[in-house]
Amino acid sequence: MAVLLVLVLANVAARYLFRTGFLGQEELAIWLHLALIALAMPLAYRGPLSMRFDVLRRWLPASFATTFDIAADAVSVTAAFGLFNGALSSISAIGGVSPTLGLPEWIRFAFFVTGGLLLLVMLCCDRVLTGQIRGLFVSLVIAGLLYGSSKIATIDSDWPPSLFMALIAGFGLLVSAPLAHAFLAAACFAPFFGGALPEPALVSSAINGMSRFLLLSIPFFLLAGALLTVSGTAERLVTFAASLVGHRKGGLAQTVLLTSVIFSGASGSSVANAAFGASTFQPQLVRNGYPPAQAGAIIAASSVLDNVIPPSIAFLLLAAATNLSVGSLLTGGFFAGGLMALCLAIAISLSVKAGPSMQKASSRQRWSAARSAIPAFGLGIIVVAGIRFGIVTPTEAAALAAGLTLLLSFAARAEGSSIWSCFRQSALEAGAIGLLIGSAAPFAFLLAVDGVAASLTEIVHSFGSSPVLVLLMANLVLLVAGLVLDIGAAILLLGPILVPAAAAAGLDPIHFGVILVVNLMIHGLTPPLGMLIYVVSGVTSVPASQLFRAVLPYLAALFVSLFLLCLGTLIF
Amino acid sequence: APFLARSAAAKTTTITVASLLGEDKPETKIWRFIAQQVETKLPGRFRFNIVPNGALGGEKEVAEASRLGSVQASLSTVSALSGWVPELQILDLPFLFKDPAHLRRVVTGATGSELQAKLAKQNFIASAFIDYGARHLLTKEPITSPDALRGKRIRVIQSPLHTKLWSAYGASPIGIPITETYNALSTGVADAMDLTKSAYAGFKLYEVVPYLTETAHIRASGVVYFAASFWGGLSSEEQVVLTKAAQDGAEYFNRLIVEDEARSMEQAAAKGGKVIQPENLDAWRNGARSVWNEFSAIVGGMQKIEAIASA
Ligand code: NA
Ligand code: NA
């Protein structure tokens, strides 16, 4: 993690001081990020970072718990087998040398051979130490038998293999296996059901899913968030916010929303924003009387704005996959983002019970709070201005923010041990998030191969071709897809199909593109695959099931804004 | 014919084909064309499952997937395969080819066969070479001679060859993924870039870099390839049919690209894009010579480069 930070910062310095860049810096950073994800895997499978969907397990009588745990472990063991085995066979099959690094490509796979093996070892050690030896034995046998038999036989069926994958992943989810493990284990069985994804290709697909350059900003925003708290800067920022609106009902939550809007103008990744908000603001909100789940829900809902208000990874993906103008899409994003923020602000003022956290501050108190919050503003300005005026890329801006907060922590004489634990914790969080993104990639691959997206065009036109009906059907398709698909994959899969379908029905393609992104982004908050909820849950230790419930009012507000957007495009 | 009798009995084999772009683009149309050709000669033998829009990943990811067994065929630029066959970079050397016909002569001649053999050793059965068109310089301000590039920040793909070329002109190369490029150019992270005409219009880059200098410095070459693991399981008749279809497909692709370029430039011109001609051609070529020198050891020696230049 520290090496990664130094690398990216050194590259910014090199570009501006010596007008040069290190060739291969980007790729090296991606490789380090991969190593971080692989090594975090054995540590992040337990605790809140594992992103377990534990609703059913909590709801059923306690006697079922052991059975659930054994099944969940069997899923994890299968995922570990698959990763280990697939990565190991890839090492010999992949060949090639990275042109920019001059290093053999198999090194990336070696990380995951190690990761898979360590996950298995760690799980066994944990169960042995807690005396669950019999349970461990049963999980190993079940996983071994199922996994082994899937290698020798295949089933012929007329159903698309991705349907079986969805069922297996769904089973893993219900028995509260870690979400990423459920996806990986399901993908391991793809060849068994005739899916065209041999294990080495599965691992390669997952690794490539984790290797997107923009994902590199996630660890840095996590680190910046953690260090903000250690350095006391976050506290000062919130003190200032409280001095402005703290005397109002739900004023602090409104400030969180406003901060999120400001940050949306700097980053294009909702996941990064959710992680940042969760580590920075959630403890403050809780300290000011908000129930932990509600605090997390407000942060998760606000972070949706990040991919709607420009810059936005989502719009860039959509523009790349279709023939829409990036410029027009981003302008549309400003309007949509503003509308969504407004709806969220109303929902917050209606739903928040936390009363005023303080009396109305005097203007003198406000000034002094503002002065002490200057370093925190400086951070926001560096990130916003850095990207807006084109001085740095989002990843570099995130790294600069992390570097600055590190300096602030030193200045505040934070203990070395607490700074170290910030690095450790944010590395683990980044690893868990990266693994989840990667594990969704093989799944998206199988859906694409099965041509699931293509058959959706028919569905969209199934009830007629008037704009209202097509818009309604397209939103329903997006609603269903958004439940189970990664946002990026959904845009790449559905954008090129739905945008022409909408245009053919007489809808403005740009408006529709904005609606498509807004609709899919909202699904970061819906079960079972609500990425933003899992990120907030991972950082704050609040169970995902509680967050899914607490986010309902804000989800409703966002759906209202989606409805207004649809109405707008039909009328204008 | 004997193979017709067998093909009726044989099971249909699915070929998963990854295409980077949409149905209306040459990158996907070539596969519809190949599939149709193969279907006429071997009815019912193969089903081409063409997955468009880059849904199966970028070029390098797809190349990896073909080696690992999840994709059976695709197109690729030669630069994306140079991690496996570094010698391919000879086709990417700047100011080496005079025109499309020159490149065509080289890839259908001895150099082409040599590269195909090297690719086959790396499990890529490259049935034919394709021409994506030339890369041109794209800038915010009009630039006709290399001196004007000094100190400018230019977006490059992550490749030593491209980086060295622009460094030779005194520009600062920055690696930015293509999806981030529009944003980087509009905010000023980069002042310039280079791309083919089709992609220039496809990404609507004329909105941020309205000047296209027709340098044609690099001809972007590519291959139509099949995965060796899939190829090895075919009969020789099937291999012959697929090879012929791929070669015809490549010619069809090259024609489509030329048409697409003309259309793209009309679109760019309508939106304010301007085409300008490079001046001081010797200075442009001198910068390129330094790249030739640096890469001569990798691609097989200066003699070979000179021989291709005068082919
Ligand atoms: Na944003
Ligand atoms: Na969801």
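Naming: A, B, ... by sequence-line order, numbering from 1 per chain.
Among A:A190, A:A441, A:G209, A:A201, the residue with the largest count of heavy-atom pairs under 4.5 Å with chain B is A:A201. Ranked by non-hydrogen atom pairs under 4.5 Å with chain A, the options B:E23, B:Q89, B:E61 are led by B:E61.
One distance of note links CD of B:E64 with CZ of A:F109; it measures 4.5 Å at 0.5 Å rounding. In this structure, A:N208 CG and B:L56 CG are separated by 11.5 Å, a value rounded to the nearest 0.5 Å.
Nearest heavy atom pair, residue B:V51 against residue A:V449, reads CG2-CA, 4.1 Å.
Proximity to chain B (any heavy atom under 4.5 Å) is shown, for A:S98, by neither the backbone nor the side chain.
By the 4.0 Å N-to-carboxylate-O rule, B:R67 lies too far from A:E105 to be salt-bridged with it.
Looking at heavy atoms from C-beta onward, B:T16 lies out of side-chain contact with A:F445 at the 4.5 angstrom threshold. Using a 4.5 Å heavy-atom cutoff, the side chains of B:S70 and A:P198 are in contact.
For the salt bridge (charged side-chain N to carboxylate O under 4.0 Å, His left out) condition, the pairs that include at least one residue of residues 187-200 of chain A, sequence neighbours left out, are A:K151-A:E199.
Remark: the backbone N or O of A:D450 is not paired with any side-chain donor or acceptor of B:N49 at under 3.5 angstrom.
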